[in-house]
Structures are given as structure tokens and as C-alpha cells.
Amino acid sequence: MSAVCNSLLEDIEDIVSAHDPKPHDRQFAKQSIVPKVRKRHSQKNVEVDDDPPSDSIIPGVQKIWIRTWGCSHNSSDGEYMAGQLAAYGYRITDNASEADLWLLNSCTVKSPAEDHFRNSIKKAQEGKKKVVLAGCVPQAQPRQDYLQGLSIIGVRKLSFMELSELLGQKKDNGKRLGGARLDLPKIRKNPLIEIISINTGCLNACTYCKTKHARGELASYSIEELVNRTKQSFQEGVCEIWLTSEDTGAYGRDIGTDLPTLLWKLVDVIPEGAMLRLGMTNPPYILEHLEEMAKILNHPRVYAFLHVPVQSASDSVLMDMKREYCVSDFRRVVDFLKEKVPGITIATDIICGFPGETDEDFQETLKLVEEYKFPSLFINQFYPRPGTPAAKMNQIPAQIKKQRTKELSRLFHSYNPYDHKIGERQKVLVTEESFDSKFYVAHNRFYEQVLVPKNPEFMGKMVEVDIFEAGKHFMKGHPVSDAKVFTPSISRPFAKGEVSGLTEVSQSYCYCYFFSQRRTMQVLCLVQFCIHSTELLIYLLHFHGEFVFFLTRRVI
């Protein structure tokens with residue numbers, strides 16, 4: 001258990017609420033505090049409980065379960081939340097039933113995701129769990145009935161205990177410079193993979209999108225911040241970096257730079273054998289950088305992979321969506337990258353049944369998929385999201401939407417993109433375990449999934465394999481017998497659950513004495529020492545019902 005402080009507080013009032021009891025209030029209330037003790041018949045002396053009760057507010061006693069829905073940006077937010085809570089001393093658990101509090105990190109992209117979120121809130125309340133809500137749903141729709149009376153953390157301030165100035169977003173002359181700080185503590189879901197948000201928000205105004213309501217306008221992190229976070233990640237044993245945002249292609253347009261400039265800086269600090277994966281980019285913002293992007297995607301430490309959503313192959317539908325490109329723009333991006341980056345994986349998204357989509361429009365989408373045979377295709381049935389322009393348009397009947405979704409899914413499953421790769425020898429980076437726990441999951445140069453035997457020596461390593469089997473979404477590889485296993489990490493990877501970003505932290509326990517007019521009671525209390533630079537924070541808490549809370553700062 002540990003505590004951490006990431007910057008100096010300018011004033012104690014920054015973190016003490018106006019509603020908190022003042023020192024003189026506590027002084028007058030002292031006589032009403034009655035220590036609760038446990039007696040034994042064989043002893044006259046008072047015995048102190050070994051463990052605080054479950055309703056204690058001492059950090060380290062409570063267990064917190066975190067559930068995240070949605071994109072990799074949301075996943076990164078969830079990792080930062082877990083890290084901050086752990087840094088304050090709380091215990092993060094994978095067991096929802098044993099947790100004292102559920103932190104639910106939501107996604108607002110599709111109705112089913114919000115339905116799961118709502119159901120989880122209900123389940124928590126039925127189980128008498130305390131609940132804190134986070135993510136895009138409460139940020140975009142805070143007045144919904146089922147959110148009332150619950151604690152909410154915004155996506156732009158991933159802070160706790162109302163420390164918005166200490167932990168929240170940064171501004172420059174009132175201009176937002178990205179989301180929460182990148183140097184906050186975090187617990188990586190996978191210690192080998194670092195997810196870095198390069199910007200938050202976007203420049204688009206898509207008529208179906210609810211995420212814009214939550215994430216807002218484009219706000220990019222500086223290149224220096226992103227390079228520093230990348231360096232730190234590799235120093236903590238990471239071997240794979242994922243760049244994420246609502247639109248990576250738009251990066252830097254608000255701060256006078258661009259995505260290729262950032263990527264060349266990041267490539268310089270990636271160790272040999274480690275890999276960088278780019279996130280989703282919309283066609284309009286990648287068109288002007290195609291030449292440079294092709295060079296970057298050919299780099300040996302960058303996956304030849306790009307996620308470029310098309311959503312529809314009909315220009316009229318794209319116009320109604322306000323996607324700001326036409327189908328020919330999408331084709332230009334894909335054709336150019338396929339020519340300049342041989343073997344590249346292009347992933348894309350399609351929405352079935354958008355308002356106004358005709359049978360002819362949908363047939364154009366089917367033709368596009370048939371032509372390119374995308375190996376990774378995210379098929380989404382249209383759901384009208386409350387508060388979006390598309391929700392007010394004339395809706396296509398649900399039966400037609402379902403029929404089109406099924407038809408596109410049948411087409412997608414009619415071809416096998418990896419059959420021609422059987423017999424190839426590939427280098428793959430092993431980073432995780434398969435869902436069925438039978439294999440390790442690796443990715444080759446094109447970010448194609450390759451299953452390898454569960455040899456503990458392979459985890460986090462670059463391995464050479466011979467492909468002997470292919471399925472719809474994966475290949476299987478035999479390790480080459482005489483090939484060397486290469487270790488890309490420059491240091492030992494963190495253990496699962498270990499907090500990233502903690503420095504100069506120490507902690508201690510002590511005995512504290514509380515006095516009353518009738519007796520002196522020795523109480524074991526927790527004192528957390530959090531040392532950062534010249535700052536010392538001390539949390540002193542009583543272990544029964546009533547408590548004393550001190551927060552001070554002094555020069556060490």
C-alpha cells in the first residue's frame with residue numbers, strides 16, 4: 001500500500017471542502033466522541049482490534065472493483081483511475097462481489113454498452129455496493145434519472161477526492177491542452193502494453209456521435225509529454241505501445257504540429273524488438289500525410305496496421321453523417337497505403353441502417369467490402385443516441401437494420417484472409433494469453449493475431465514461428481527450433497497490479513494516543529507518508545466511526 005503526490009498544493013483550501021468540519025468544530029465535538037472497545041472477561045485492560053472495520057475510511061481497508069466499457073482511450077482512463085486509487089492506498093480487486101465500491105467507466109458509442117452500464121449500476125445498488133460513475137455516459141448525459149444521486153468523475157478530470165487542481169487537466173491561457181496528465185499513476189491491465197492517449201476530443205461533428213458531447217473539441221498533448229511517457233513506459237518493462245484518441249490523424253492541429261512529426265519522435269525512443277501500434281484515424285486528416293505515413297508504417301518498430309473507418313460506401317449517407325469525406329477519399333487512402341506498405345492491414349468500421357440509407361446505398365457498401373476483403377471489419381447496427389441530430393432523422397425499421405447487419409456479417413465471414421500465409425515464417429511479439437487460456441497471443445509485423453504455445457519463456461518476447469494453420473481471425477505458429485528468443489524490454493516488466501509512476505514514496509505505521517477525561521486509549525492508526533520533492537502529506541484517521549483527518553505540508 002502506498003500513497004503519492006504528484007505536484008505541490010498551492011493552498012490547503014484547494015483540497016479541503018467548505019463543508020468539512022473546522023478545527024474549532026472538532027474541539028467542541030471532542031466530548032461526544034466515545035471510543036468503542038472490545039472487552040475480554042480474562043483481561044481488565046482494553047484490547048485494540050487488529051483490523052479496522054469494513055466501513056472504515058482508512059485507505060487500504062476498502063477494496064475497489066473497476067469495470068470499463070468501450071475504446072482503448074476508455075481503457076487508458078480506467079488504468080489511470082486504478083493507479084490513482086492504488087496510490088492513495090486503496091486495494092484494486094478483480095472480484096466484484098468482495099469489493100466495497102464499484103467504479104464503472106462507461107461508453108456512450110452504442111446503446112447496448114450503455115444498457116450494460118445501467119444494469120451494472122442497478123446490480124451494485126441491489127448488492128449494497130457504493131458506486132462511482134465515470135466515462136462518457138455521465139459526462140455527456142449527466143441529468144439522466146438513473147445517474148441522480150451518484151458520484152460522477154468526468155472524462156476530462158480523472159481526479160479523486162475533488163483534487164481537480166492537483167490531478168485535473170491543464171490549461172494555457174484558458175485553452176485546454178488535453179485530458180488528465182500523462183504522468184499520473186496508473187495500473188496497466190497488461191503490464192506489457194502501454195496505452196497512450198495522444199489527444200482527446202476531435203474536430204468532427206458526426207450526426208450520430210455521442211462521444212463528442214463527452215470528449216469535446218480537439219486538445220492535443222505536447223510531443224515532449226508523449227515522448228516522456230513513452231520513455232517511462234519502456235523503463236517499466238513495456239514492450240508494446242498503443243496510441244489512441246478519438247482521431248489520431250487530427251493530432252497536433254490545435255498546437256501547431258502533426259501526427260508524422262510526433263511519430264518520428266516516438267520511433268527514436270522505441271527499443272529494438274518493441275512495437276508501436278497506431279490508433280484510429282479518419283480519412284480527412286490522413287490524406288495530406290500519406291507519403292510520410294507510408295514511410296512510418298514501413299518502419300521495423302511500427303506495426304503495418306491502420307484503422308480507417310469508412311462507415312458507408314454511399315456518398316449521400318456520408319453527407320448525412322457529416323463525415324467530411326467521400327468514398328473516393330477513403331479509396332485513395334487505402335489504395336496508396338496498400339501500394340506503398342505491402343501487406344498492410346487496414347481495419348475499418350461500417351454502420352448498417354443509418355437513417356436514409358437505401359437498398360442501393362447498402363449495396364455499394366457490400367461491393368466495397370467484397371472488393372477489399374478487409375481482414376478486420378467492425379460491423380455496427382445503427383442505434384440512435386439521445387441528443388444527436390441522427391436521432392431526430394427518419395429511422396429505418398429495426399427489422400431492415402438487422403437484416404442488413406446479418407447480410408454484411410455473412411459476406412465478411414465468407415472469406416479467410418490468412419489462408420495464403422500458411423507455411424510462412426514470421427517474427428511475432430508475444431504479449432498476452434488467449435481467452436480460452438490454451439495459447440499465448442502474439443502479433444506479427446502486420447498486427448495479425450498469431451497463437452503460439454504457452455511457453456512462459458515467450459511472454460514479452462519476440463519469437464520466430466512457422467505458420468501451420470489459419471482461421472478467420474488468427475493464425476497458429478510453431479516456434480522455430482533453432483531460433484533465438486529476443487527480449488525487447490529494457491527492464492523487468494511490472495508485476496500485474498503494480499502501480500506505474502510512483503517515485504520517492506515511503507510509508508509507515510505508528511501508534512497514536514487519544515485522550516478523554518475518563519481514560520487513555522492506545523489506538524493503532526495508519527499514518528501515510530507521501531513524499532514528493534519537498535512535500536509531506538499526513539493522513540491520520542481514527543479507526544472507529546468518528547475520525548480525525550489531518551492534511552499538512554512542510555519542507556523536509
Side-chain angles (χ1 to χ4, degrees), residues 2 4 6 66 68 71-84 86-87 92 158 179-198 221 223-245 248 262-279 296 299-305 427-434 440-445 447 449-450 452 456-463 485-503 505:
S2 58
V4 68
N6 292 291
I66 301 175
T68 293
C71 64
S72 55
H73 194 164
N74 246 27
S75 296
S76 178
D77 287 350
E79 291 179 350
Y80 277 118
M81 294 175 196
Q84 289 182 81
I92 309 302
L158 304 179
R181 293 205 322 262
L182 295 179
D183 60 352
L184 293 173
K186 76 185 302 188
I187 297 178
R188 299 183 183 95
K189 185 176 181 181
N190 184 336
L192 297 173
I193 298 175
E194 167 72 1
I195 305 173
I196 302 178
S197 172
I198 63 173
Y221 291 97
I223 290 178
E224 180 183 9
E225 287 177 288
L226 294 166
V227 169
N228 288 340
R229 182 68 200 186
T230 301
K231 288 180 179 178
Q232 177 188 331
S233 301
F234 289 123
Q235 290 166 358
E236 294 172 345
V238 163
C239 62
E240 187 169 288
I241 299 286
W242 294 0
L243 300 186
T244 185
S245 75
T248 58
L262 168 65
L263 294 177
W264 284 124
K265 294 290 186 181
L266 294 180
V267 164
D268 286 342
V269 300
I270 299 176
E272 183 182 356
M275 297 297 291
L276 173 70
R277 192 195 80 174
L278 274 64
I296 291 166
H299 195 283
R301 294 192 289 274
V302 179
Y303 285 118
F305 168 90
K427 287 184 178 179
V428 298
L429 181 59
V430 184
T431 55
E432 56 191 315
E433 188 177 71
S434 62
Y440 281 162
V441 178
H443 292 91
N444 62 16
R445 163 100 178 85
Y447 202 70
Q449 185 170 271
V450 180
V452 300
E457 184 185 356
F458 294 162
M459 185 57 72
K461 311 291 175 54
M462 187 76 76
V463 182
V485 175
F486 183 79
T487 303
S489 300
I490 61 177
S491 62
R492 179 192 64 82
F494 274 20
K496 187 173 178 61
E498 190 172 352
V499 182
S500 161
L502 294 186
T503 58
V505 175

Interatomic distance, [X] atom [atom1] to [Y] atom [atom2] [nearest 0.5 angstrom]:
| X | Y | atom1 | atom2 | value |
| --- | --- | --- | --- | --- |
| Ile270 | Lys231 | CD1 | NZ | 12.5 Å |
| Leu184 | Arg229 | CG | CZ | 8.5 Å |
| Ile241 | Arg301 | CD1 | CZ | 13.0 Å |
| Lys189 | Ile66 | NZ | CD1 | 11.5 Å |
| Leu182 | Leu226 | CG | CG | 5.5 Å |
| Asn444 | Tyr303 | CG | OH | 8.5 Å |

Glu194 and Lys186: CA distance, side-chain angles, deciding distance, side-chain contact (heavy atoms from CB on, under 4.5 Å) verdict: CA-CA 10 Å; Glu194 167 72 1; Lys186 76 185 302 188; 3.4 Å; yes
CA sep, side-chain torsions, deciding dist, call: Val302, Leu263, side-chain contact (heavy atoms from CB on, under 4.5 Å): CA-CA 9 Å; Val302 179; Leu263 294 177; over 6 Å; no
Residue list, salt bridge (Lys or Arg N to Asp or Glu O under 4.0 Å) with Arg445, at least two apart or on another chain: none
Would you tabulate the side-chain donor-acceptor contacts of residues 485-495 under 3.5 Å, counting partners in other chains and residues two or more places apart, or write 'none'?
residue	atom	partner	partner atom	Å
Ser489	OG	Gly237	O	3.1
Ser491	OG	Gln235	O	2.4
Ser491	OG	Gly237	N	3.3

After noting the C-alpha distance and the side-chain angles of Thr244 and Ile198, does the key distance pass the side-chain contact (heavy atoms from CB on, under 4.5 Å) rule? CA-CA 6 Å; Thr244 185; Ile198 63 173; over 6 Å; no
Are any of the side-chain heavy atoms of Val452 and Val430 separated by less than 4.5 Å? yes
Do the side chains of Asp268 and Trp264 get nearer than 4.5 Å, heavy atoms only? no
Starting from the C-alpha separation in whole Å, work towards a yes-or-no answer on side-chain contact (heavy atoms from CB on, under 4.5 Å) for Arg188 and Ile193. CA-CA 7 Å; Arg188 299 183 183 95; Ile193 298 175; over 6 Å; no
Does atom CD of Glu433 have more than 12 heavy-atom neighbours from other groups under 6.0 Å away? yes
Could you please spell out the steps behind the side-chain hydrogen bond (donor to acceptor under 3.5 Å, both in side chains) verdict for Thr431 and Glu240? CA-CA 8 Å; Thr431 55; Glu240 187 169 288; 4.6 Å; no
